[in-house]
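If you read the sequence from its start, that first residue is 1, and numbering goes on from there. Values below: all heavy atoms of this structure, side chains included; hydrogens, waters and symmetry mates excluded. None of the values given here were measured: they were computed from a predicted structure.
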Amino acid sequence: LLARFKNLTNTEKVKKELVVEIFKKNNLPINLKQVSFSKNTVFVKVPPIIKTELLFKKTELLKEIQKIPGLANISGIQ
């Protein structure tokens, strides 16, 4: 079923929702308003303690994000 939609380009909001889902799956309490994209980077506006946890899991989060069609070019999280 999802194969049909695999090649469709994702809107900005859908991309953010997918990224937030990945963060939540990894026990990072981040919402849509805290996520933004610029070039090939995901920017997250969160308190320092969450940012530290995010940096510990950065590699595995990037791998999961890059599996999403339309976000394969993401190379960093800040």
Same apolar cluster (I L V M F W Y, side chains within < 4.5 Å links), Ile49/Val44: yes

Spatial distance of atom OG1 (Thr41) from atom CG (Leu62) [nearest 0.5 Å]: 9.0 Å

Asn31 side-chain N/O to Lys33 backbone N/O, donor-acceptor pair under 3.5 Å: yes

Cluster check Phe23, Phe37: I/L/V/M/F/W/Y, side chain < 4.5 angstrom: yes

Inter-residue atom distance Gln34.CD - Phe43.CZ, 0.5 Å rounding: 15.0 Å

Just list the side-chain donor-acceptor pairs under 3.5 Å for residues 65-78, sequence neighbours left out, or say none.
| from | atom 1 | to | atom 2 | distance (Å) |
| --- | --- | --- | --- | --- |
| Gln66 | NE2 | Ile74 | O | 2.6 |
| Asn73 | ND2 | Asn40 | OD1 | 3.1 |
| Ser75 | OG | Asn40 | O | 3.4 |

Those residues that, when tested against Lys25, pass side-chain hydrogen bond (donor to acceptor under 3.5 Å, both in side chains) (two or more places apart): Glu64

Audit row: Leu61, Leu28, side chain to side chain contact (heavy atoms under 4.5 Å, CB included) steps and yes/no: CA-CA 11 Å; Leu61 289 169; Leu28 294 166; 3.8 Å; yes

Qualifying salt bridge (charged side-chain N to carboxylate O under 4.0 Å, His left out) pairs with a residue from residues 44-56, counting only residues at least two apart or across chains: Glu53-Lys57

Close side-chain approach of Val46 to Leu54, heavy-atom, < 4.5 Å: no

Minimum heavy-atom distance Asn26-Ile22, with the two atoms named: ND2-O, 2.8 Å

Partners passing side chain to side chain contact (heavy atoms under 4.5 Å, CB included) against Lys13 (at least two apart in sequence or in another chain): Thr11, Glu17, Leu32

